[in-house]
Amino acid sequence: MKRQNLKHLRSTVYFSYEGKCHLCKQYVPVAEMSFDHIVPSSLGGTNKPENLALAHITCNQERGRKPLPNSKEYEVLIYEENDYPLTDK
C-alpha cells in the first residue's frame with residue numbers, strides 16, 4: 001500500500017471511531033494506535049476500511065485472533081465449542 005493511501009486509511013479509521021478504541025472505549029493517542037481486523041486476517045478478513053477498527057496496540061494484542069463477541073464468527077465459535085445453538089427454543 002502506498003504511503004499516502006496508508007495515511008488516508010489511518011485517518012479514516014481513526015476519525016470513524018472518534019479516536020476511541022473499539023475494545024476498551026478509551027481515547028487512543030496516535031502513537032498507540034493500531035488497526036484491529038473485525039474478522040481477523042488469519043480467518044480471511046480483508047484490509048478494507050469496513051473490516052478495520054481502531055484499537056490500542058495492547059488491546060489489539062490481547063484480543064489476538066479471537067472473534068469479536070458481537071460477530072457472527074463468535075456465535076459460530078461458541079456453537080462449535082459448546083455443541084449447541086445459542087437461541088432459546
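Being a predicted model, the structure only gives us computed values, none of them experimental.
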A.B. asks: Is I57 reachable from Y14 through a run of I, L, V, M, F, W or Y residues, each pair having side-chain heavy atoms under 4.5 Å apart?
C.D. replies: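 In one cluster: no.
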A.B. asks: Looking at every heavy atom in both C21 and A55, which two are closest together, and how far apart are they?
C.D. replies: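 Heavy atoms only, the tightest pair is SG-CA, 3.6 Å.
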A.B. asks: For a quick check under 3.5 Å, do N60 and H37 share a side-chain donor-acceptor pair by atom type?
C.D. replies: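 H37 and N60 do not have a side-chain donor-acceptor pair below 3.5 Å.
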A.B. asks: Just to verify, which of K20, H22, H56 counts as forming a side-chain contact (heavy atoms from CB on, under 4.5 Å) with V28?
C.D. replies: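 For V28, the side-chain contact (heavy atoms from CB on, under 4.5 Å) test succeeds with only one of K20, H22, H56, which is H56.
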A.B. asks: Measure the OH-CE distance between Y17 and M33 for me, rounded to the nearest 0.5 Å.
C.D. replies: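 So the OH of Y17 and the CE of M33 are separated by 11.5 Å.
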A.B. asks: Just how far is it from atom CG of L6 to atom CZ of F35, taken to the nearest 0.5 Å?
C.D. replies: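 So the CG of L6 and the CZ of F35 are separated by 6.0 Å.
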A.B. asks: State which residue, out of L54, N51, L23, V13, fulfils the side-chain contact (heavy atoms from CB on, under 4.5 Å) condition with D36.
C.D. replies: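 For D36, the side-chain contact (heavy atoms from CB on, under 4.5 Å) check succeeds only for L23.
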A.B. asks: What's the spacing between T58 OG1 and Q61 CD if we round to 0.5 Å?
C.D. replies: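 If we round to the nearest 0.5 Å, T58:OG1 and Q61:CD are 7.0 Å apart.
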A.B. asks: When rounded to the nearest 0.5 angstrom, what distance separates CG in N47 from CG in L9?
C.D. replies: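 Here the rounded value is 8.0 Å.
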A.B. asks: Is the count of non-hydrogen atoms from other residues, nucleotides or ligands lying under 6.0 Å from E18 atom CD greater than 12?
C.D. replies: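 No, because the 6.0 Å sphere around CD of E18 holds 12 heavy atoms or fewer from other groups.
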